[in-house]
Amino acid sequence: MTPSRRKIHALIALAGVLLAAGCAPTRPPVDELDAASRALGAARAADAPTWAPAEYRSAGQRFDQAQAAEASKDYDAALQLANESQVDSELAAAKARLGKVRQEVERLREENAHLDRDLTSHAQPEDQP
Amino acid sequence: MTRPPARFAATLLALGLFAGTPAHARDEDYQRLAERIDALAADPDLGTRAPAALDQARAALAQLKQARRSEREHWIYMTERRIDLARTSAEAAWLESQRGDLQRENDRLQLAIARRDAEQARAELERQRLQAQIRAEEAEQARRDAEAARAEGEQAAQAAQSARAEAEQAKRMAAAQARAAALAKKEAELEATLKGTAPAKPAAKPAAKPATKPAAKPKPTK
């Protein structure tokens, strides 16, 4: 083997090691799966299934996929899916909060308009001589 | 001439290094997501409502910039979701602020209506009190009128009774006078019979003949 060929082989080996270090799974994403599970529970508690069904369903599906990936030792996929599930759950909870407050704002607007009409309609006859 | 194994190895190395290369800053997805974040941050109503969520969206975008090709889809998804989350949180915070304003307005209106209702109740009470007072005064006036009418009626009855009594008395006096006249006439007739002369005058004036025997004093009739 010529020196140049040895260098090329060494470079290939180095690149392989670097790729393996950068891409290969390191450990099961236990913390991320726990966080995703908690976020999913919080979204459920915030009535996300009612107010943000699509996001909540996506969070649940990705959490299931993350668990399956972890079980098959595909830790990279498990990590990504757990993170995606968590952000889906957070978004679902936020949309539930938004939906509730929007409903409350609409209710208050209607009630205030009704009260204002009531006040105005009863005030006018008294103003007349 | 290049040797085939060496060329193959160089190609593999180039491909491997390219796979690990971070996404370019001028990536279209990166630009699109960066513009979404900038638009949210510049929104006058929402830009400052969810700073932590916006920071997380920026952090995800930074990860996308550094991500390997195999991670790009993941970080695009994460950045999209983080931006959605930041916007949703900002909208919720904005609406919660509006809800506070609306609740204060609601409290003000409720208070105004409660005051109005209380004022109306007081006015109604005063109106009813005045009506009751008017009715009481009318009843008192009616009672006084009835009392006066009753007294007037009693007086009239009493006057009528007096008139009846006077008439009765006059009648009795007339009857007594008639009997007295009849007795005087009879006395005169008897006296004339005793003297053998006809009576010249009726016995209406028995006192005009003091020389003769005085006539019997008429007894009062009962």
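Naming convention: chains lettered A, B, ... in sequence-line order (proteins, then strands); numbering from 1 in each chain. Computed from a predicted model, the values in this text were never measured in an experiment.
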- Drop me the distance from Asp118(A)'s CG to Ile113(B)'s CD1, to the nearest 0.5 angstrom. 4.5 Å
- Message: Is it the case that over 12 heavy atoms from other parts of the model lie below 6.0 angstrom from the CD atom of Gln128(B)?
- Response: yes
- In this structure, are over 12 heavy atoms from other groups packed under 6.0 Å from Gln158(B) atom CD? no
- Taking every heavy-atom pair that is under 4.5 Å apart, which of Gln110(B), Arg81(B), His74(B), Arg108(B) has the most such pairs with chain A? His74(B)
- Write out, in numerical order, the residues from residues 29-50 of chain A with a heavy atom short of 4.5 Å from a heavy atom in chain B. none
- Task: Assess whether atom CD of Glu124(B) is packed by more than 12 heavy atoms of other residues, nucleotides or ligands within 6.0 Å.
- Result: yes
- Message: Just to verify, which of Leu85(B), Asp84(B), Thr88(B) counts as forming a side chain to side chain contact (heavy atoms under 4.5 Å, CB included) with Lys95(A)?
- Response: Thr88(B)
- Item | Worked verdict on Gln80(A) versus Ser70(B) for side-chain contact (heavy atoms from CB on, under 4.5 Å) | CA-CA 11 Å; Gln80(A) 289 185 354; Ser70(B) 62; 6.0 Å; no
- Begin from the C-alpha positions of Asp88(A) and Tyr77(B) and carry the test side chain to side chain donor-acceptor pair (under 3.5 Å) through to its verdict. CA-CA 10 Å; Asp88(A) 279 346; Tyr77(B) 185 86; 2.8 Å; yes
- Most contacts with chain B, counted as non-hydrogen pairs under 4.5 angstrom, among Glu90(A), Glu55(A), Gln86(A): Glu90(A)
- Query: Counting only heavy atoms not in Arg115(B), do more than 12 fall under 6.0 Å of its CZ?
  - Reply: no
- Item | Heavy-atom closest contact (Met78(B) atom, Val87(A) atom, distance) | SD-CG1, 3.8 Å
- Does anything in residues 89-106 of chain B get under 4.5 Å of chain A by heavy atoms, and if so which residues? Ser89(B), Glu91(B), Ala92(B), Ala93(B), Leu95(B), Glu96(B), Gln98(B), Arg99(B), Leu102(B), Gln103(B), Glu105(B), Asn106(B)
